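Worksheet for the structure shown next.
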Amino acid sequence: MAAALAAHGLEKRYGEVRALAGIDLEVSEGELFGLLGPNGAGKSTLVKIACGLVRPSAGDVMIAGVRAGSREARAALGYLAEMFRFPDWATADEVLALHQRLARSRGGAAERAVLLERVALTHARHRRVEAMSKGMQQRLGIAQALVGAPRILLLDEPTSALDPLGRRTVRDLLAELRQQGVTVLLNSHLLSEVELVCDRVAILRRGELVAGGRPSELGRGGGVEIETASGPRRFPSASREDTPVIVAELVASGERVYGVRRLTSTLEDVYLEAMQGERPT
Amino acid sequence: MIEDVITIASYALREGLRRRVFVVVLALSLAFGVLYTAGSIAAFHATRDFSGRAAPVDARALTGATLLGLAMFSTLFLGAVLAIFLCGSTVRGDAERGLLAPLVVRPLGRSAVLVGRFVAGAGVCSAYVLIVFGGAVLVTHQAGGWWPDQIVLPAGELVLAVVVICAIALLGSVYFAAIANGILVFMVFGVGLTAGLLGQIGSGLGNATLTTIAREIAYVVPFEALYEAGLRGLTADQTGLTGLVVKLGPFGGGQSAGAALGPWTFAYLLLVLAGAARGFARRDL
């Protein structure tokens, strides 16, 4: 079975600037994939090429086995851009109705109602975009991306304007989509969220893939910290299997042990390590 | 493709209505209508004895042709403003505002977006031009009892002129941001009008070089050739001193462009739209 999204030797240049420098990447059907990286790393460029908004300088992207940008590929996609706007004169319902026509969806009013409910916007169905908060517009953007039940969803910073409640709504929605077998490529700066919801992640730096894998695999063991009567004691090279022995030795030596904590590097640690020497942009 | 074009065109029309474009245009047009009516009544009143006293000219035809020529110019100008407003930000303007990406990632082609926007813009501008020009013809007749020699052909040429401006604005929108494109289209509009004036001066002085330059520019920007042809049609049957005086007047520079103008205009529209489609297809958004 063809990968939901496959990039081979993908390059994009803007004059002298190399936005993507030969990316090879595969996202499987039904996978929730997180793309991480600082501003200017090439995340949005990769997604835009996958949508057909930007043409690659070299290499290609295939969507469900067909060339990205083709009509068939676009029919399989739902997309939420990082910087998007809907016409401020339209209501939420009208925005979705327009996208239903463009996506050839026959879901009608029932589909619109379900989508608005999924992003907690039922109450704003007839509200104009100009009267919506930024967070509401972003949730409407997610609903728009889901019009026509796409097999593949490309979300570029979908939670950047959301409050914690809105983020929770999106997180629940992503979990729901995973259960339905929808493939999701998620661009985000919010490492904790990506770590929570994504099956696999890839880290981009200056247009190159510098790390990738399951979040649990990327995080490495960082030793053991034991809370004793004389204060916390760290054993940086200790593994999980070493823990009972260390505790036994401490107790045998007369130390009181109050707690044991295994230290593992988080996705944030992995990310920061991959970004060493990188300046904020 | 047709379904997509209809969807985009209806979206563009609703956008125009909701953003109160039509209300603004209607208000401006009503103001023009009121001024034109008052001006026409006053002008015909002031010149009613002109024939007998000053020269053997048909004062009513001279006044009517001059007034309707002015109305024709104003209609072209207002139509150009509307065309720029409706088509001038179709690609880069909307892309920079973030409105375009959600549309073009859908299965419809980019050409459908362009054609839909063009159909909506050209349709609205055509209806507008017909209403304003038709109104001006009726007002002129009511005020002075004068009908132009031709009505339908000049109206059609004026409609085509504004449609050409829509196409130019659409092409410009592929390469320039909304404001820059608006300025550019107005400059092209100005070039066309300047060519018309040059042609009139050349014709008055009998200078073939000026006349040739003006004619060639009018073909490069055919809205000018169409406007001139429409202007000429208003007094197509005027001869003698009246015809000469009309020709020397501020709106008397009309030239008949010949049979090639129609086919050239359609070819020009196709070329401009094809250029816009090609540019848009190659553009990163």
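The structure presented is a predicted model; accordingly, all values stated were derived computationally and were not measured. Throughout, protein chains are lettered first and strands after them, A, B, ... in sequence-line order, and every chain is numbered starting at 1.
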Should we count CD1 of B/I179 as having more than 12 external heavy atoms under 6.0 Å?
no
Heavy-atom distances under 4.5 Å only: say whether B/L100 touches chain A with side chain, backbone, both or neither.
neither
The reported gap from CG in B/L70 to CG in B/L231 (rounded to nearest 0.5 angstrom) is 10.5 Å
Interface residue of largest heavy-atom contact number with chain A, from B/I8, B/V104, B/L99, under 4.5 Å
B/L99
Where on A/L102 is there a heavy atom nearer than 4.5 Å to chain B: the side chain, the backbone, both, or neither?
both
How are the rings of B/F77 and B/F73 set relative to one another: parallel (under 30°), tilted (30 to 60°) or perpendicular (over 60°)?
parallel
A/A73 versus chain B, heavy atoms under 4.5 Å apart: side chain, backbone, both or neither?
neither
By ring pair (Phe, Tyr, Trp, His ring centres under 6.0 Å), which residues pair with B/F85, not counting sequence neighbours?
none
When rounded to the nearest 0.5 angstrom, what distance separates CG in A/L35 from CG in A/L155?
12.0 Å
Under the rule for salt bridge (Lys or Arg N to Asp or Glu O under 4.0 Å), what residues qualify as partners of A/D172, not counting sequence neighbours?
A/R168
Could you list the residues that satisfy side-chain contact (heavy atoms from CB on, under 4.5 Å) with A/R167, not counting sequence neighbours?
A/T159, A/L162, A/L190, A/E193
Using a cut-off of 6.0 Å, state whether more than 12 heavy atoms not belonging to B/I2 lie near its atom CD1.
no
Give the atom names and distances for all donor-acceptor pairs closer than 3.5 Å across chain A and chain B.
{"residue": "A/K12", "atom": "NZ", "partner": "B/D284", "partner atom": "OD2", "Å": "2.7"}
{"residue": "A/G52", "atom": "O", "partner": "B/R110", "partner atom": "NH2", "Å": "3.2"}
{"residue": "A/L53", "atom": "O", "partner": "B/R110", "partner atom": "NH2", "Å": "3.3"}
{"residue": "A/L53", "atom": "O", "partner": "B/L285", "partner atom": "N", "Å": "2.9"}
{"residue": "A/R55", "atom": "N", "partner": "B/D284", "partner atom": "OD1", "Å": "2.9"}
{"residue": "A/R55", "atom": "NH2", "partner": "B/R282", "partner atom": "O", "Å": "3.2"}
{"residue": "A/R71", "atom": "NH1", "partner": "B/P107", "partner atom": "O", "Å": "3.3"}
{"residue": "A/R74", "atom": "NH1", "partner": "B/R106", "partner atom": "O", "Å": "2.8"}
{"residue": "A/R74", "atom": "NH1", "partner": "B/L108", "partner atom": "O", "Å": "2.7"}
{"residue": "A/R85", "atom": "N", "partner": "B/G98", "partner atom": "O", "Å": "3.0"}
{"residue": "A/W89", "atom": "O", "partner": "B/R18", "partner atom": "NH1", "Å": "3.1"}
{"residue": "A/E94", "atom": "OE1", "partner": "B/R18", "partner atom": "NH1", "Å": "3.1"}
{"residue": "A/E94", "atom": "OE2", "partner": "B/R18", "partner atom": "NH2", "Å": "2.6"}
{"residue": "A/H99", "atom": "ND1", "partner": "B/R106", "partner atom": "NE", "Å": "3.1"}
{"residue": "A/R104", "atom": "NH1", "partner": "B/D4", "partner atom": "OD1", "Å": "2.8"}
{"residue": "A/R104", "atom": "NH2", "partner": "B/D4", "partner atom": "OD1", "Å": "3.3"}
{"residue": "A/R104", "atom": "NH2", "partner": "B/D4", "partner atom": "OD2", "Å": "3.0"}
{"residue": "A/Q144", "atom": "O", "partner": "B/R106", "partner atom": "NH2", "Å": "2.7"}
{"residue": "A/Q144", "atom": "OE1", "partner": "B/R106", "partner atom": "NH2", "Å": "3.0"}

